[in-house]
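The block underneath contains the structure these notes are about, expressed in structure tokens.
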2 protein chains.
Amino acid sequence: MIEESIDYKNYHESIISLFTIDKGKVKILLVRKQTEPYRGYWILPSDFVPVNQTLEGVLQELVYDKIGYQDFYMEQCHTFSRLDRDPDDRVIATSYIGLLDSTTAILKREERPEVESAWFDINEIPKVGYDHEEVIRYSIDRLRSKIVNSTVLKSLFPSDFTLPEIQKVYEEILGVHLDRRNFRKKFINLGLIEDTGYKNEGMNGRPAKLYRFKENVKERNLF
Amino acid sequence: MIEESIDYKNYHESIISLFTIDKGKVKILLVRKQTEPYRGYWILPSDFVPVNQTLEGVLQELVYDKIGYQDFYMEQCHTFSRLDRDPDDRVIATSYIGLLDSTTAILKREERPEVESAWFDINEIPKVGYDHEEVIRYSIDRLRSKIVNSTVLKSLFPSDFTLPEIQKVYEEILGVHLDRRNFRKKFINLGLIEDTGYKNEGMNGRPAKLYRFKENVKERNLF
DNA sequence: AATATAAGTGTGAATAAAACACAAAAGGGG
DNA sequence: CCCCTTTTGTGTTTTATTCACACTTATATT
């Protein structure tokens, strides 16, 4: 079935766009490449897929190394197969998006200090190596289309949040301005969240009520 | 960067779920496997990806061989990496959906008569080999979520169609019953189609008006 | 000419979305 | 301590969209 004269074996890599929310801003994790090619460039975390591991397995390990956490929401995004996407070898790549809430998304102190990692605001992404600009674009598009899903929301927000915070994230990801009253009305009526009874004190202006997600929120589309 | 002791090279295959509409029914193309494993089983058309070709390139060639047509709407669906999805080798697979209108979706007379191909109603799919049942499920889900997109509609319907035809396809894919009056009103108001002036004669009952898609329909979501 | 079959057509009720402005709770400064 | 600034919280009206619903018309058949 497979002709021996043609090479049918490809390297395959898993790539992840890890997102989190920090102070109302959407952030993505990048790492700095230490070796040629693209030495010194920021790129998305990625790793080659050995024959004895799944695409998801590779990423769970990878994220566990960085964050110490492997039980997070992850969803496949797109597979890239352009012939010249890697200058050295033919590497097919499958990208995923992953979501962490801000209390989880804390980078481990690196055992290997030469591996630099950092969270970047999705509106201030530096020049990146390989075709990762395209990969990031696909990831943000996916995030945008998924933000109307309850699972995604729950993964992205820590237990206590305010409605203005969540509204800002919506506005940032969707690139629109929303009316505060209409947003609150709609969001509260979805029945996903409950008042904790606490307030977000210490800030300027009237303190916002703190909400949490209810226990048994089923995955569904919201809007 | 790549440890030599571990095998990082995988076979990679492209799989396609080709859909078309025939007499108001949604059909998918399957081929009969001639060799072990799964000899005699129906499977989706698929081929291995050599290092010098893209995922899409492989499928364009594959479909050209079967249909004689390579300029069709195609969209990536999902990449499958379960370790045991192929009993012989580690094969990662990327699936696509492809759409053909009924005037294009005509199987070539096979040069190799031993390669059997056939269109199956998506509600009457036989037992299939490998993990292709799962692949088909993903494909139909994708088709369902895409049917509300103008590009998809235009690819799936030939130049002259009736509103009852298109409504039946909606009902079949979405699995719902729609009110004829509301459907017509909504669909005509979208501004995608125009009356050809002709009628679908020769059938029982009042003949339906024939419509066509307007020339410059931009891709957008409809519903 | 009568009958059967499938297509074509409009209106009112219910629901959802959008527009809109002022009051309340805190912190900071004089 | 009072006033000012900042940010959150809250209801109503208007508009647009969706849903429910029944009779007429064009053709093929007998």
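Hydrogens, waters and symmetry mates are skipped; everything else that's a heavy atom, side chains included, is used.
Salt-bridge annotation for B:Asp141 and B:Arg144: present, with a side-chain N of the basic residue lying under 4.0 Å from a carboxylate O of the acidic one. The pair B:Glu124-B:Lys25 does not meet the salt-bridge criterion, since no charged nitrogen lies less than 4.0 angstrom from a carboxylate oxygen.
Atom CG in A:Leu55 sits 5.0 Å away from atom OG1 in A:Thr94 (nearest 0.5 Å).
The two residues A:Leu18 and A:Trp119 make their nearest non-hydrogen contact at O-CZ3, 3.4 Å. In plain terms, the two heavy atoms of B:Pro164 and B:Arg184 that are nearest each other are CD-NH1, 4.4 Å.
Going from atom CG of A:Asn189 over to atom C1' of D:dG9 covers 15 Å, rounded to whole Å. Residue A:Tyr211 contributes atom OH, which lies 10 Å from atom C1' of D:dT8 at whole-angstrom precision.
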> Once each nucleotide of nucleotides 21-30 of chain D is scored for protein heavy atoms under 4.0 Å, what B/S/- sequence comes out, 5' to 3'?
Replying inline: BB--BBBS--
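Judged by distance alone, the side chains of B:Gln60 and B:Asp71 never bring a donor and an acceptor atom under 3.5 Å apart.
Between the B:Gln34 side chain and the B:Arg32 main chain, a donor and an acceptor come within less than 3.5 Å of each other.
A nucleotide of DNA chain C counts as in contact with chain B when one of its atoms lies under 4.0 Å from a heavy atom; the first and last such, 5' to 3', are C:dT5 to C:dT11.
Remark: A:Glu171 CD is packed, more than 12 non-hydrogen atoms of other residues, nucleotides or ligands lying under 6.0 Å away.
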